[in-house]
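Contents: one structure, followed by commentary.
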Amino acid sequence: MARILITSAIPYINGIKHLGNLVGSQLPADLYARYCRARGDEVMFLCATDEHGTPAELAAAKAGKPVADYCAEMHEVQAELARGFRLSFDHFGRSSSPQNHALTQYFAGRLADNGYIQEVTEKQVFSKADDRFLPDRYIEGTCPNCGYDKARGDQCENCTKQLDPTDLIDPRSAISGSTDLEVRETKHLYLRQSLLKDDLAAWIDSKTDWPVLTTSIAKKWLNDGDGLQDRGITRDLHWGIPVKKGTQDWPGMQGKVFYVWFDAPIEYIAAAAEWAEANGKTEADWRRWWRTDEGAADVRYVQFMGKDNVPFHTLSFPATIMGSRDAWKLVDYIKSFNYLNYDGGQFSTSQGRGVFMDQALAILPSDYWRWWLLSHAPESSDSEFTWENFQASVNKDLADVLGNFVSRVTKFCRSKFGEEVPAGGSLGTREQALIDELTTRVAAYQDHMAAIEVRKAAAELRAIWVAGNEYLQSAAPWSVYKTDPEQAAAIIRLSLNLIRLYAVLSAPFIPDASATMLTAMATTDDAWPDDIAQALTVLEPGHGFSVPEILFRKIADEEREDWQARFAGVRS
RNA sequence: GGGCCUGUAGCUCAAUUGGUUAGAGCAGAGCGCUCAUAACGCUUUGGUUGGGGGUUCGAGUCCCUCCGGGCCUACCA
C-alpha cells in the first residue's frame, strides 16, 4: 500500500475564493486524494488558510475587527465552503496555529545555525498616518516615466516600467492616502538561498517528469539575471509569527514577524501536527509523514498549485528544508495549473467579476461544478469559463449521458421486473465485448489519474459512461423482453451492475452523485474494480434497489442567461 | 525590454515526443430506437495545423521570421 502525502496551495484568508482559485489547487488535489484512497493507498491530504501579511491586516481593519477574530471567522467560512465542495482534507489547518509558530521559529533557528540567514539593514517607506511600513505596492504616486498618477511603488501599471518607491512623484499611502511618509532604516533577516542554488538546480534537474510549466518557472528564477536572489523572510508587521531563533529571542528583531511566504509553506508540515492534535494522535503519527528518518522514507509527496505559486514551492520552501539540514520530506511531484478566465476576461476578486465559491453552491450542487471545472482544468494553457460551455457540459455529460443512463435502466427494470435485480439469462459475446472495452478504458482511466492528467481522465470517464448507453442500445432489452424475458433480465442485471461500477469510478469527480447511485443500488460495496467482469456481478439476483431521484437536472436557457447577467458585474 | 507558454474543425481539446490518410466531445445534417431527464445509438459534413521560409526520405511536432493570445519578471499573496 503506497503512502501519499498531498497538499493544496493554501488559500489566502482575505475573502472567498473564486472558481479559478478552486480549480487551480484544492479541487484537483481532492480529485487525486479521493482516487488514491479508492485505490487503497494511505493518504494524508492537507490544506489550510494562509492568514498572515498586510492584506489580512487591512481586510480586518476594513471589517472593523481585530485581525485574529477576522481570521478565525474567515477560516470558518472557507472551511464551510470546502465542505460544501466536498474537499476531503484530512485536516484544514491555519497558518496562525501554535504548531506553525513553533515550526517556523524552529526552521529559522536551524537556518541561522547552518549559516543560511543574513541580517540586512535596509531602508523602507514608513507611513506615520497608517503607523506601518508600506510594501512597495501599497505606495502610490505619479510615474516619473509616463506621468500616470496611480503608479504603484513596484511597477507602473500604465507603462509597465519597474519602479522603486522612491522614484514616485508625490508618493502617498495606498491605504490611507496620507502623504506623510518617510524612509526609515529597518533590519531584516534574509534567507541566503543563493548559497543553495546548485543544490536546488540539481534537484530540479532530477525532476524530469514534472510539468513543463513547473520546471520552466523554476529554472527561470534560478538562472535569471544574477541567478537566485536571497530573500527577505521578515516583515515589520503586528500580525504574524514573531521572529525567534528556535525558542530563543532574536536580538534586534523584537516586534517583527516572519514574512508570510516563509511561514505559509511550513504550514503544510504544521497542518499535519494540527491533524495529530485534533485527532488524538501522537507526535510520531504525524512525523512519519514528514521526516524521512522517522518513517516517511516511503512517502510520495505531491503538491498542487496555480502557476503563480511555483517559485515559492520549487525554490524558497525547498531551500528552507535543505538549509535546515534535517530529514524533512521534499516534494516529489508538483502539479501546477494555469489560470481559469471568466467569459472573456479574468476573474476579479476586487471587481466581483466571475463566480465565487459561495455563489456557485447557492446556484447548483457541488458535483455540477466539480465536473465542469475538472474536465476543463487549465493544464496546458489558460482556459475559460463560459456559461454556454458550462450549460452544455452539464446537460450533456451529467444529465444525458450518465444521469439518463441510471434513469433508463432503473425505471425499465422496475416496470418489467420490479425493484430487485432480476434472475435468469446468460452473458453472450455482446456482454463480453463490453467487459473488454471497459477493461481497456478503466486501465487508461487509471493511467491518467495516476499521472494526474485531469482532463484526459475526465474524458475517459465520460467514454466509460457512453459505453453503457451503447451497450444498452445494441442489447435493446425492451425488444428482447417481448420474446425472451430471461435474456432481457440478464441485460438489465448487467446494466444495474454498471450503475454500481460507475458510482465507484466516478466518485473522485462527483462524490455526491456516486453516493446517491450506491444508495439507490442498496450497496456499500465501493471496492475499486480490479476485475471488471467480477465487478459486474456484485449485485446478485434478488438484490433490492430503488429508482433514485433525477441524478442531475438540466440547466435551462433562461437560467443560464440570468446567471450570465448576474455575475458579469459587481459583487453585491 | 527580457524570459516562458500558447495558436490544430464553428466551440472545447487530443495527437504515443520526427513516422501511414491529423483524431474526440459539443454544435450542424441524415437515419434508427422508443427503456429513459425530448433522453440514447448509428452514419455523416467540417482542417493549407496562425502566415511565410528552411532542415529532413518524412514536419502539427525541429530551426528562422512575422502576426495574434497569455503568464512571469523577485516587497500582494
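Residue numbering restarts at 1 for every chain, and letters A, B, ... go by the order of the sequence lines. Being a predicted model, the structure only gives us computed values, none of them experimental.
Classification of D400(A) and K554(A) as a salt-bridged pair holds, one side-chain N sitting under 4.0 Å from a carboxylate O.
Under the side-chain contact (heavy atoms from CB on, under 4.5 Å) criterion, E561(A) pairs with D557(A), Q564(A), not counting sequence neighbours. In this structure, the ring pair (Phe, Tyr, Trp, His ring centres under 6.0 Å) partners of F312(A), at least two apart in sequence or on a different chain, are W261(A). The salt bridge (Lys or Arg N to Asp or Glu O under 4.0 Å) check on E559(A) picks up R553(A), with sequence neighbours excluded. R184(A) meets the salt bridge (Lys or Arg N to Asp or Glu O under 4.0 Å) test with E182(A); sequence neighbours excluded. In this view, N338(A) and K307(A) satisfy the side-chain hydrogen bond (donor to acceptor under 3.5 Å, both in side chains) rule, not counting sequence neighbours. Applying the side-chain contact (heavy atoms from CB on, under 4.5 Å) test to T483(A) and every residue at least two apart in sequence or in another chain returns nothing. Applying the ring pair (Phe, Tyr, Trp, His ring centres under 6.0 Å) criterion to F405(A), with sequence neighbours excluded, gives Y502(A). A search for side-chain contact (heavy atoms from CB on, under 4.5 Å) contacts involving D447(A) returns nothing, not counting sequence neighbours. Remark: F126(A) pairs with F133(A) by the ring pair (Phe, Tyr, Trp, His ring centres under 6.0 Å) rule, at least two apart or across chains.
Among the heavy atoms of the strands lying under 4.0 Å from Q124(A) is at least one base atom, whether or not backbone atoms are also near. Among the protein residues, V409(A) comes within range of no part of the nucleic acid, since none of its heavy atoms lies under 4.0 Å from any strand. Within the 4.0 angstrom heavy-atom criterion, only backbone atoms of the sugar-phosphate kind lie near K456(A); the bases stay farther away. Using a 4.0 Å heavy-atom distance criterion, Q391(A) is classed as making no nucleic acid contact. Residue S415(A) is out of contact with every strand shown, counting any heavy-atom pair closer than 4.0 Å. Residue-level contact check: F312(A) touches the bases, meaning some heavy atom is under 4.0 Å from a base atom. Residue-level contact check: L551(A) touches the bases, meaning some heavy atom is under 4.0 Å from a base atom. Note on P477(A): nothing from the nucleic acid sits closer than 4.0 angstrom, heavy atoms only. Within the 4.0 angstrom heavy-atom criterion, base atoms lie near G403(A). Counting any heavy atom pair closer than 4.0 Å across all strands shown, F552(A) reaches a base atom.
Each of L501(A), I464(A), L461(A) was checked for a side-chain contact (heavy atoms from CB on, under 4.5 Å) with S506(A), and the lone residue meeting it is L461(A).
Minimum atom distance to the side chain of V260(A) is reached by rA77(B), of the listed rC35(B), rA77(B), rC71(B). Counting only heavy atoms from C-beta on, D400(A) has its side chain closest to rU37(B) among rU37(B), rA74(B), rC75(B). Proximity note for Q473(A) (side chain, C-beta onward) versus rC33(B), rC75(B), rG70(B): the nearest is rC33(B). Set against rC71(B), rA77(B), rU37(B), the side chain of S407(A) has rU37(B) as its closest nucleotide. Nearest to the side chain of N404(A), among rA39(B), rC76(B), rU37(B), sits rA39(B). Out of rC35(B), rU37(B), rC13(B), the shortest distance to the side chain of A399(A) is found at rU37(B). Closest approach to the P135(A) side chain among rA77(B), rC76(B), rU37(B) is made by rC76(B) (side chain taken as heavy atoms from C-beta onward). You'll find that the side chain of K307(A) is closest to rG70(B), out of rA77(B), rG70(B), rG41(B).
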Just the atom pairs and distances: protein N or O near nucleotides 3-12 of chain B's N or O, under 3.5 Å.
| from | atom 1 | to | atom 2 | distance (Å) |
| --- | --- | --- | --- | --- |
| rC4(B) | O2' | S216(A) | OG | 3.4 |

Would you tabulate the nitrogen or oxygen pairs shorter than 3.5 Å linking the protein to nucleotides 24-28 of chain B?
| from | atom 1 | to | atom 2 | distance (Å) |
| --- | --- | --- | --- | --- |
| rG25(B) | O3' | R462(A) | NH2 | 3.3 |

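Evaluation of F412(A) against the base of rC35(B) yields no stacking contact (centre distance < 5.5 Å, interplanar angle < 30° required).
Residues C413(A) and K554(A) each lie close to RNA chain B; by heavy-atom proximity, the contact nearer the 5' end of the strand is made by C413(A).
Counting only Watson-Crick or G-U wobble pairs whose defining distances are both under 3.5 Å, the stems of 3 or more consecutive pairs in RNA chain B are B:1-7 with B:67-73, B:10-13 with B:23-26, B:28-32 with B:40-44, B:50-54 with B:62-66.
With ring centers used as reference points, Y190(A) lies 6.0 Å or more from Y259(A).
Following rounding to the nearest Å, E470(A) (CD) and rA39(B) (P) show an atom-to-atom distance of 18 Å.
With a 6.0 Å cutoff to the six-membered ring centre and a 45° limit on the axis angle, K416(A) counts as a cation-pi contact of Y481(A).
For rU49(B) and rG18(B), the C1' atoms lie 16 Å apart once the distance is rounded to whole Å.
Remark: R231(A) is in phosphate contact with rC75(B), judged by side-chain N or O atoms under 4.0 Å from OP1 or OP2.
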